[in-house]
Every structure is written in C-alpha cells, then in structure tokens.
Amino acid sequence: MTLLDIIIVIMAFVFVVLTDATIEEESAIIGTLLASGYRRREIVLHYLALPAIVGVVAALLGTALGVVFFTEPMRSLYYGSYSLPPFQVYWSWEIFVKCAVVPAAALILITLVGLLRKMDKTPLQFLRHEASGKSGTKRGLQLPERMGFVSRFRLRIFLRNLGNFATLFVGIAFASLLMLFGLAILPTMTHYADNLETGLVAEHQYTLKAPLELEGTAEEREQWSALERLQSVDGALLSAAQDADDELDDAADAAQAAADAATTSPSAESLTAAQDALANVQDKKDVLYARLDDLADALGCNRDEAIDLIDKASKIDTDNDDIHPVNTTDNGADKIAQTEKYAVYQLQYDRGDGNGEETISVYGISPDSRYWKDLNVGDGRVVFGGGLLDKFGWSEGQKVTLIDKYEGEHYSLEYAGKDCAWGSKSDMNIYMSIDDFNELFGNDAAYFNGYVSDEKLDLDARYFAGDTTPDDMRAVGDQFIGMMSKMIGMMIGLAVFIFLLFMYLLTKAVIDHSARSISYMKVFGYRDSEISHLYIRSITLCVAASLVLSLPVIIGSLTAIFRSMLLAYNGNIEIYVPAWSMAACAGIGFATYLVVALLHMRSIKRVGLAEALKVQE
C-alpha cells in the first residue's frame, strides 16, 4: 500500500508535466482559437475531453489486465511464503478506487486545473508561446568573457531552462525514490536479520514455562523423574491408588484397635470383630494392589516398579513453592557451569494515533552477566534497547508506561539518559537486574524462566518453551527474500519505465524550448553533431548531477517512509541503503537517460531551417 501511494504521487507529477507540455505545444492553436472567437469554456472542454477519455479507458483496462495477469504471480507469492489456506481472489472496492478511480480522477483534475490556470492569458501571449511565463534568467545576462564559448553557451542553455531543469531534478528524485525503494528493501530486511542475529548474546536462548534447575544430585533427579513419570498418566489412576492406600491405612488402624480390644477383654464378640477387621484389611490390600496394577499398566512397568516410583516421588514436598523442579537429565558440570539464568516477561506499549500496541520484552539478568556484556544493571537501573529509543524517540527523564494485557497492571519505567541505552537499533527489549525484575513483578526472589548458553542443553519437555538461535534469526531474512524477490523485480521494472518516461518528457521540454535557437544554429552552418554536442551535453550534465544530488534527499525520504510504514508493526526496521544500491540506482538512471539521449539526437536532426523564419513578435 505504501508503494501504491508513492506511485500515485509520481503519476500526479507526470500528469502535471504532461499537461504543461501539451499546453505549451498547443499554445499557438489555443491563441488562434481564442482570437477566432471561441470561448474559454469551449477550449477547456475540448482539451479536457481526450485526456479524460484516455484516462478512464486506461484505468479500466489496467485494472482488467492486473486481474488477469497478476493473479498467478500473487498466487505463487502466497503459496511460497507460508503454509496457508487455499488462495482465493476477491473483489476489493478499496483497491479499485486506489488503482483506477484515483489515477483517472487525478489526471482529469490536474488537466482541468492546468487549463484553467492558463486561460487567463491573452490570445497574443498564447501565439507568442508565453502562456507558461518566462523562466530562468534574462536573455541579456552578461557572462564572464574568460569563459570559453562552449561553456558560456551551455550555461545559457541551463539558465534559460532553469525551470525545466528544476522539474527534471524533481522528476529524477521521484523515479530514483521508487528505484531505491525496490533496491533497498531486501538489504534492509537482511540488515535487520543480521542485527537480530548479532543481537543474540548466546548460541541458545532457552525460555521455560516454569523455573527448572540444572544442578542437582542423582537422587534428586531420580525423585523428579519419578514424579514426572507419575504425572504423565491419567490423574484418576493416581487418585484411585491414593484413595485405596488411605482406605488400607484406615482398615489397618481399625484392625489394630480390634486386636487391642480382644487382648484386653477377650470374648467371642471381640475375637469376631478382630477377625472381621483383619479380613477387611486384606480386602483393602487387594483393592490397593488392583489399583497399583492399573497404574503399572499405564506406566508400562510392574507393580514393584510403580511402588518404587511412588516412594521416590513422595520424598518431594510439592506443597513448598520455594522448591524448583530439577532437570531429570544431567547436562554435565561443564555445560551447567557456562549457563546463566535470566527472567523475561512481555508487556505492551501504546504506540498512539491508532497504531496499536508494541510488544516489549522485559529482561531480568545477572548484574555481572558473562553474556550481556557491558550492560550495566542493578540498584534499580533500567536499560532500554536502541530500537525502542530510535522508534519512539523517548527523551531523557521520560517515563514510559507499559501495560500487562493479561493482568491489567500498569508499570512506569524511566529512561534516565544515554547511559541507559544498549544494543542495536533492532533491540526492542528493556533490561534490569533479575532481583529488580522479580521485585517489579512480585515474583519469588529465586524466580527465573530462561537460560542462555553457548552449549545445547537437554531440558525436560514439560518445562521447555522455546529455543532461539542465530539460525532462527537468519531464517527471518531468508523468508522475506524468498517472499519478495519476484515483487522486487516488478518494482525495479516499473521504476525503469518511469525513469524512461520522466527523462524523455522533461528533457524533451528543453529541446522544444530551444527549437528556434537550434534552427538559427543550423542556418549559421553548425552541423547536427555539433548542436547535439552543445545541447545534449548540457542536459547530460544536469541529469548526472541530479542523479547524484538527489540521493541524500531520497534516503531521507525513504527513512521517513519506512518509519511511517512500519510504525504499526512490532520491531524497529531501520532503512539500510548499501553503497552498491545507490550506485545501481544512479547507474540504471543514467543508462536509461542514454537511451533517451539517442532519441533527442534524432529530434535535433528534425528541427528545420524554417523554424528560424517564424516571427513571434
């Protein structure tokens, strides 16, 4: 949509140039019609009719061709990007308005305004080709005599066509903007992926669903492994076994009480009661064994192994919130020694102006971290990623309000200044010490939910949430390149066509404006090649200067366009324009101009000697 908006602006500029060129070319005819008694309204309608018809037909035809020929390329882009539902084409009135109605309306409106603006001129001004007004400098401007004839002549060409050359500069800037937009997208995304890749502080950044300790004894690992294995089966089986065990304990207590009563007061009734209690204990034991057999079948082991698992798991105080699970796999002392705990939680920041919310990761890290090097945290110090500062422009001392969309809580963090900034312009995180993190979010002092490690770790699946690696970040750029490569080719082809159009229209205006002078030179005996050398070389120098001088303006414009275009997206993608893309933009533009220069050399040859005999005074 941003590219479409740029093209619409470029089309409007083309329409302005075309309208002025048409009025200038038809100036003598318009003057004759006015002098012959035709009303201005009739002339306006006459010269408006053809552009309006052509514009409407072209808009409708272009829309039809777009639907017919661009559906398949879009289908291939769609299926080549993601695993998505079947591709279907729907009619969009919004797209139709932007692609057809707006360009046709712009053509009609600009032509109408251009005609009305010129209609206040007199018939004599039209006949003298003065409807466009005088541009540049006066004909009698004295130039230093120490300058050579060729230099003075070229300078006069430039000064007399200053308005046309200014328009040429703007046109080249517009076309170069479109060209560089296409050339810079892939390097920008690749640069963004590179920043994400280098922004990872370790080869593996693990996130956990809950704290999981890597250190522990072999006995502790067996206990947690037993608990994890028991928790993997249907809870009803565990509950049934627990209930059967409780009933057996109750039956055993009742049997002991009955035996004590029979011993204290022997009687037939007490002996019978003791025997019944013992029989009940045996029944409860059979029920317990049956429940244990069901549990063992679910676990894929025998009854003794199930009892052993229950015994080991029972040694863990699961009601104690301060106890963290121990990883059941021993990763080895060396791997564990190089890991580092961290905590992370995501908050939202309102971008404002209806641009949605930015998701910001808040990290709690060790103040003396071996991975987040040169990142000074602790004692309440909050450090902001460079991407946040670049995207939102927070100033020193500004308090930033972040929202927890799950809990509804609001957190206010202050940006203290440049010393509290860290990372590249792609870093969208906030950092603080892990103690400050847990205090801010009300966690236990020992809470954490992640590990950074240069070694691959084997973590329990129940607690493992994700592993971010440099390869994952590289996949971001590769996916975008694969998705957009065909689109970039279309954009560059369109930019070359616009370059060709601009170069031809704007430089042709210089040749047409100088037609009488060219005719005079032919009368004086100058050859076509000499005339081309004077005029085409002047235009060439202006084109080359425009291609180079417009680059800073274009890069500044692209920066603003990208910032506006991507504001509503998570992350901060800074425009990156490598030297080769700037050189390619200037090179393609100049190569396109060379084609136009050949056409203009033919135009100079067609200027007749009779042009010098036409009197306009």
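Just so it is clear, the model here is predicted, and its values are computed rather than measured.
- In terms of modelled atom types and a separation under 3.5 Å, the side chain of S453 and the main chain of T339 share no donor-acceptor contact.
- Proximity of a side-chain donor or acceptor of T592 to a complementary backbone N or O of I588 within less than 3.5 Å is detected.
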Q: Would you sort out whether S176 and L547 count as a side chain to side chain contact (heavy atoms under 4.5 Å, CB included), showing the intermediate values?
A: CA-CA 8 Å; S176 298; L547 286 169; 4.1 Å; yes
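- Using a 3.5 Å distance cut-off with no hydrogens or angles, the side chains of Q88 and Y90 do pair a donor with an acceptor.
- Rounding to the nearest 0.5 Å gives a distance of 9.5 Å between OH of Y447 and CD1 of I434.
- Formation of a donor-acceptor pair under 3.5 Å by the N449 side chain with backbone atoms of V344 is found in this model.
- A distance-only check finds a donor-acceptor pair linking the side chain of Y206 to the backbone of L457 [under 3.5 Å].
- The backbone N or O of K456 lies less than 3.5 Å from a partner atom in the side chain of K335, making a donor-acceptor pair.
- For D436 and R381, the salt-bridge test fails: no basic side-chain N is under 4.0 Å from an acidic carboxylate O.
- Two residues are said to be in side-chain contact when any heavy atoms from C-beta on lie closer than 4.5 Å; N443 and F437 meet this criterion.
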Q.
Could you walk me through whether I555 and M582 satisfy the side chain to side chain contact (heavy atoms under 4.5 Å, CB included) test, starting with their C-alpha distance in whole Å, then the side-chain angles of each, then the deciding distance to 0.1 Å, before giving a yes or no?
A. CA-CA 9 Å; I555 294 174; M582 290 187 284; 3.4 Å; yes
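- Annotation: side chain of M428 is not in contact with side chain of I360 (no heavy-atom distance under 4.5 Å).
- To the nearest 0.5 Å, the span separating CD1 on I10 from CG on L178 amounts to 4.5 Å.
- Judged by distance alone, with hydrogens and angles left aside, the side-chain atoms of R351 form a donor-acceptor pair with the main-chain N or O of A568 at under 3.5 Å.
- Annotation: the span from L227 atom CG to I316 atom CD1 amounts to 5.0 Å, rounded to 0.5 Å.
- The two residues E396 and G417 come nearest to each other via the heavy atoms CG-CA, 3.6 Å.
- Salt bridge status for D454 with R370: absent, with no side-chain N to carboxylate O gap under 4.0 Å.
- Taking the six-membered ring wherever Trp is involved, the centroid distance between the rings of Y349 and F392 falls below 6.0 Å.
- To the nearest 0.5 Å, the span separating CD on E228 from CD on Q223 amounts to 14.0 Å.
- Between P470 and A202, the closest heavy-atom pair is CD-O, 4.3 Å.
- Judged by distance alone, with hydrogens and angles left aside, the side-chain atoms of T188 form a donor-acceptor pair with the main-chain N or O of Y576 at under 3.5 Å.
- Minimum interatomic distance between T19 and G114 (heavy atoms only, all atoms of both residues): CG2-CA, 4.0 Å.
- Summarising the local packing, CZ of F87 is surrounded by more than 12 heavy atoms from other residues, nucleotides or ligands at distances under 6.0 Å.
- Remark: the backbone N or O of E414 is not paired with any side-chain donor or acceptor of Q398 at under 3.5 angstrom.
- Here S366 pairs with D368 under the side chain to side chain donor-acceptor pair (under 3.5 Å) rule; sequence neighbours left out.
- Among all heavy-atom pairs drawn from L389 and F384, the shortest one is CD2-CB, 4.1 Å.
- Looking at V452 and W372, their side chains come closer than 4.5 Å, going by heavy atoms from C-beta outward.
- Within the 4.5 Å cutoff, the side chain of V596 has heavy atoms near those of the L500 side chain.
- Residues F562 and F181 bring their aromatic ring centres within 6.0 Å.
- Screening D467, T469, T468 for a side chain to side chain donor-acceptor pair (under 3.5 Å) with H204, the sole residue that qualifies is D467.
- For the residue pair S395 and Y415, the shortest heavy atom distance occurs at O-CD2, 3.3 Å.
- Ionic pairing of K341 and E213 is present here: one or more N-O contacts between side-chain nitrogen and carboxylate oxygen are shorter than 4.0 angstrom.
- Counted within 6.0 Å of CD on E215, heavy atoms from surrounding residues, nucleotides or ligands total 12 or fewer; the atom is thus considered open.
- To the nearest 0.5 Å, the span separating CE on M179 from OG on S581 amounts to 11.5 Å.
- Nearest heavy-atom pair, A106 versus F15, reported as atom, atom and distance to 0.1 Å: C-CD1, 4.0 Å.
- A salt bridge is defined here as a Lys NZ or Arg NE, NH1 or NH2 lying under 4.0 Å from an Asp or Glu carboxylate O, and K405 with E357 fails to meet this definition.
- At a threshold of 4.5 Å between non-hydrogen side-chain atoms, the residues C99 and L4 count as touching.
- Side chain to side chain, D404 and Y345 meet the donor-acceptor criterion of an N or O pair below 3.5 Å.
- Under 3.5 Å, the side chains of Q338 and Y371 contain a donor-acceptor pair of N or O atoms.
- Taking CD1 of I365 as the reference point, atom CG of D435 lies at 12.0 Å (rounded to 0.5 Å).
- Counted within 6.0 Å of NZ on K425, heavy atoms from surrounding residues, nucleotides or ligands total 12 or fewer; the atom is thus considered open.
- With hydrogens and angles ignored, the 3.5 Å screen pairs no side-chain donor or acceptor of W422 with any backbone N or O of N376.
- With hydrogens and angles ignored, the 3.5 Å screen pairs no side-chain donor or acceptor of D390 with any backbone N or O of G387.
- The side-chain heavy atoms of M1 and I95, taken from C-beta on, include a pair separated by under 4.5 Å.
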(Q) Let's go through L107 and M11 carefully: what are the C-alpha distance in whole Å and the side-chain angles of both, what is the deciding distance for side chain to side chain contact (heavy atoms under 4.5 Å, CB included) to 0.1 Å, and is it a yes or a no? (A) CA-CA 8 Å; L107 172 60; M11 290 173 70; over 6 Å; no
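- Using modelled atom types and a 3.5 Å distance limit, the side chains of S424 and D427 yield no donor-acceptor pair.
- Using a 4.5 Å heavy-atom threshold, the side chains of E409 and F441 count as separate.
- A 4.5 Å side-chain heavy-atom check between W224 and I323 finds at least one atom pair inside the cut-off.
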Q: Step by step, work out the side chain to side chain contact (heavy atoms under 4.5 Å, CB included) result for E574 and N195.
A: CA-CA 10 Å; E574 60 172 329; N195 281 344; 3.6 Å; yes
